[in-house]
Structures are given as structure tokens and as C-alpha cells.
Protein chains: 2
Amino acid sequence: MSVARPSAIWFADEPERKPRLSRERITRAAVALLDVEGVNGLSMRRLAARLDAGTMSLYEYVSSREDILDLATDAAIAEIETDGVDGLPWRAALSRQLGRSRRVMRRHPWLPALMSTRPLLGPHALARAELVYALLQQAGLDGPRLTAAVGALTYYVQGYAAMENTWRSRRHDPAAEAQLRRRAQRYLDRRADQHPTLARHADLGNDDMDHSFQLGLDVVLDGIEAQLRG
Amino acid sequence: MSVARPSAIWFADEPERKPRLSRERITRAAVALLDVEGVNGLSMRRLAARLDAGTMSLYEYVSSREDILDLATDAAIAEIETDGVDGLPWRAALSRQLGRSRRVMRRHPWLPALMSTRPLLGPHALARAELVYALLQQAGLDGPRLTAAVGALTYYVQGYAAMENTWRSRRHDPAAEAQLRRRAQRYLDRRADQHPTLARHADLGNDDMDHSFQLGLDVVLDGIEAQLRG
DNA sequence: CATTCCTTCCGTACGACGTACGGATAACCG
DNA sequence: CGGTTATCCGTACGTCGTACGGAAGGAATG
């Protein structure tokens, strides 16, 4: 520690002027843990264990488990890319951008539920919202109509992604998922006299989710187009 | 107990051939408790206490806390009235019906979050879904377009209601809520250079939620109208 | 009437949870 | 060198979901 020895640098730890933990490290570990264990599986103890830290150390950087969920939410939202939509026609730009949102929500199945139950005020969430607002404003919307259109688009994407996750198992197992959906479909068919239209159209066997996502998105985009004309 | 006495009936308890507990009684108590305490406040112990029962007695009627959340969800959905929309023009019918949905989701603030995180297969949920399917089919939609339109409407209503609840306090306190929204609005304004369009339009001070709900709903309905024409 | 069985009720106990509190350690500042 | 401050975290408390097994009493059977 005091005598200078040749090559000693290679055996010493990095000065470690930074503390071992940080919000960023905690957030990264939280996202990873949420991906594997889901929201109920994220506990302060498990998270701390992943970081080789004592449980209570987390509270130096965060004041509650809720804070961690907020941080993880914004970190996951940050994974939604934002480049390459600015020049596009507004419909193509929004389709592309919201498709990216959905992709991230599939990568992090816990995300839609958290997004819809807390105010999204993190920097990355605000940036993603700004992008949609800006695209629609450039398309010609403004005022309360603009806000309404952003809402319709946002809630559709979140709702669709949440529905998808509803039919997914914790450890993504396509066979088990297909089985569950077949069971639900049979259940619906058995009661088809109570709800014939639903039974005929609720297409639980459908596996082209990309396409049906786009179909619903087109409904909302058509609505926006109508507002632009009206 | 054996000798028949005149008027003894008035002093005896009702035969109580029914057990004290039942799914229905449990479900009703669960809804009431959820309204007061929220999803995290519903515990098996508290619920049992409300019913003057032992905690483990609940498990005779239900196999887990999750089951209770499913039952409570369907029971709350049952509060959405369904009469008096059949003769109406399709836009009026859907506006009225979905307005009722939103009203129930405000009465039970925990409802939208539960609806978007579990498959809705309860009898009342299916009946409400059937109604929307039927109205849109009568309007002229069918096949995947019909399914897509139902999704766009449903997710919009759920998303809007969830957003509203996000800004509400546990014990509905208008003053505290307004204060929270003002704080959030100031926070947005301070960062307005990062997201000018959002800051200008995110109308957190707005208190005519009925109107802005309808504006967004009109976007989706316009989209459906466009699909009917196209 | 006696016996068996089944439904309903629930006390106890276990492991996991969020977090309040206060102590340890060590880097920094004077 | 002494004191201050940032970081780390062990312990403990109250709460949670629920597994297990037993009690109580009516119904079914002899």
C-alpha cells in the first residue's frame, strides 16, 4: 500500500473511486431480473443478491421498490429506437415507430402493465412521447385533437402488447402457449350460443400477431386521417 | 331442538343449510375491499376478517388469491349495463356502451389494470365483448377487420381509464390530485426545450376528462367508419 | 341408533417479503 | 491526526400466501 513495487498496478484493484452500486447498475439488474421472473418475482433481496450486495444497500440509491420499477420502466422504454422516422410520410413513420414499441414490449413482457399503471415521466418516456406528438403535429393535427390522437395510438399499442403477454407463459414455451389458447378456444366454442359473434371471430389460434396488430393500428391511423380531412 | 314449541321459529337461526361462505359472498367482499385498499391492499387475511371467517376458510371456495382477483374482475365488469343500445345507430351505441365501461372503471380504479393483465374469460366479460362484436358486425364489419376494430376500441377505453387512475389518489382527494398534476405540469414545462410539442399539449390541468375521452374515442370511431367505406 | 363419510371451517407454521434502524467501514477534509 | 460524510449492510418487525392437518357436525348407510 505504501511501497511502490514494479508491476504492482496489475495486481491492485482499480482505484474504485466509484461506489460499487449505482442507480444505473441497479436498474440494469432490475430489468434483467424482471425479464426472467416477472414483476412479482422482483424482490429487493433477489435483486441485491444479483448484485452481490446486501439487501439494504439498495436503499442508498432508491427509496422503495416502487422507485426501482419506475427506473426499470424508463430503462426499457429507452430501448425503443427513435431514428430514421423523421423524413417518412406520417403513416409510415408512426407504423414503424409503434412497431418498435411493440417489439420492446414483447422483449420485456412486464413493460405494458407497468406503463399503464404509473405516470410516465422518465426522460426516455418523455422523449418517445414527444416523437409521436411531433409526427402527428407535422401531419397537421393540433390542440386537443392532437392529444386525443396520441392517446388513441398509445393505448392501442399498450393494450395490444398487454393482451399478447396475457397469453404468454413465464418461460416462453410455444407449445404450452398454443395448448392454453386451444383450451380457451374450445371453452369459447362450447358457449358459442351465448356469444356467437365473439366465438366466431376471437381467433385464439391465430399466430400471425404481427398482421393483426397492424390491422388494428390501421383502424386508428384511418381515424387520424379522417380527422385531418374533416 | 327436538320438541316442537310454538313460536320457536322466531328464536332459532335460519336453518343455515347454506354454508356461511360462498364464492359470491367472497367476491362481493373482495370488490368492496379492492375499492378501498387497492390491489396491493387485498390480502387473504383482511378479506377473511371482513367476512368474519378464518383466513384459510377462503381456500374452500377458491384455490389462490389470483382466483379472487379473477372473480372480482368479472363481478365488476358485470356492473357495466348492457341495455338500450340495440336500436341505436352504431356510433351512438358504441359511444354509450363504452362510456358505461369507463364509468365502471372509474368506480373501481383497480379494474383496468386487472383487465389488461389477465385473459377475460368470465361470463360477464364475454357478454360485454359479445355486445361490442355484435354492434360492429351489424354496422357492417366482419372477419379480421371486425376483430381489429374491437381491439382498437377496447384498448383505447382500458388505456384511457388506466391513465385517469394513474393520476388519482387512493382515497379520492381532488385537491391533492390537482396539486400532483400541477407539479407534473411544472416538471414538464421546465424541460420544455427537450419536448416542446408534448409540453404544450399534455394538458395535465385539464379537468374535462369526459370530453377528452370522447375526442379520442371519436378518432377510433372515425377509423371504423373509414373501414366501412373502404 | 351407531358408524362412517364428507363438507366446511380454521389454527398453526413456514418461508418470503418490504423496509426502519442503527452500526460498521473507509474515504475525504481540516 | 481527528472528525465528517458516503457507502454498505445485519438484524428485526410486521405482513404476506398458503401447505397441512385436525375439529365439528350434518348426511348417508348399516
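Each chain gets a letter, A, B and so on, in the order its sequence line appears, and its residues count up from 1. None of the values given here were measured: they were computed from a predicted structure.
Look at CG on A/Leu42: it is 11 Å from P on C/dT19, rounded to the nearest Å. Taking atom CD1 of B/Ile26 as the reference point, atom C1' of D/dG17 lies 15 Å away to the nearest angstrom. When rounded to the nearest whole Å, the span between CZ of B/Arg46 and C1' of D/dG14 equals 12 Å. In this structure, B/Tyr59 atom OH and D/dC20 atom P are separated by 13 Å, rounded to whole Å. Put simply, CD1 on B/Ile68 is 9 Å from P on D/dG17, counting in whole angstrom units. Going from atom CE of A/Met44 over to atom C1' of C/dA20 covers 13 Å, rounded to whole Å. One atom, CG of B/Leu33, and another, C1' of D/dC16, lie 14 Å apart when rounded to the nearest Å.
Judged as a side chain to side chain contact (heavy atoms under 4.5 Å, CB included), and not counting sequence neighbours, the contacts of B/Arg200 are A/Gln137. Remark: A/Ala127 pairs with no residue by the side chain to side chain contact (heavy atoms under 4.5 Å, CB included) rule, at least two apart or across chains. A/Met56 is linked by a side chain to side chain contact (heavy atoms under 4.5 Å, CB included) to A/Tyr59, counting only residues two or more places apart in sequence or in another chain.
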Give me the distances for all protein-to-nucleotides 7-14 of chain C N/O pairs that come in under 3.5 Å?
residue	atom	partner	partner atom	Å
C/dC9	OP1	B/Arg20	N	2.8
C/dC9	OP1	B/Leu21	N	3.3
C/dC9	OP2	B/Tyr61	OH	2.5
C/dC9	N4	B/Glu60	OE2	3.1
C/dC10	OP2	B/Gly54	N	3.0
C/dC10	OP2	B/Ser57	OG	3.0

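Judged by distance alone, with hydrogens and angles left aside, the side-chain atoms of A/Glu130 form a donor-acceptor pair with the main-chain N or O of B/Thr197 at under 3.5 Å. Side-chain atoms of A/Asn165 never come within 3.5 Å of backbone atoms of A/Arg106 as a donor-acceptor pair (strictly under, hydrogens ignored).
Using a 4.0 Å heavy-atom distance criterion, A/Leu47 is classed as making no nucleic acid contact.
A/Tyr156 and B/Tyr155 have tilted rings, their planes meeting at an angle from 30° to 60° on a 0 to 90° scale.
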Determine whether A/Gln97 and A/Arg100 satisfy the following criterion, side chain to side chain donor-acceptor pair (under 3.5 Å), listing intermediate values before the conclusion. CA-CA 5 Å; A/Gln97 188 57 31; A/Arg100 287 164 161 173; 3.1 Å; yes

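Remark: the A/Gln158 side chain and the A/Ser116 side chain contain no N/O donor-acceptor pair separated by less than 3.5 Å.
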Side chains of residues 31-52 of chain B: which donor-acceptor pairs under 3.5 Å do they make with residues two or more places apart or in other chains?
residue	atom	partner	partner atom	Å
B/Asp35	OD1	B/His108	ND1	2.7
B/Asp35	OD1	B/Trp110	NE1	2.7
B/Asp35	OD2	B/His108	ND1	3.1
B/Ser43	OG	B/Arg46	N	3.1
B/Arg46	NE	B/Gly41	O	3.3
B/Arg46	NH2	B/Gly41	O	3.4

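Annotation: proximity of residues 113-122 of chain A to DNA chain D (heavy atom, distance under 4.0 Å) is found for no residue.
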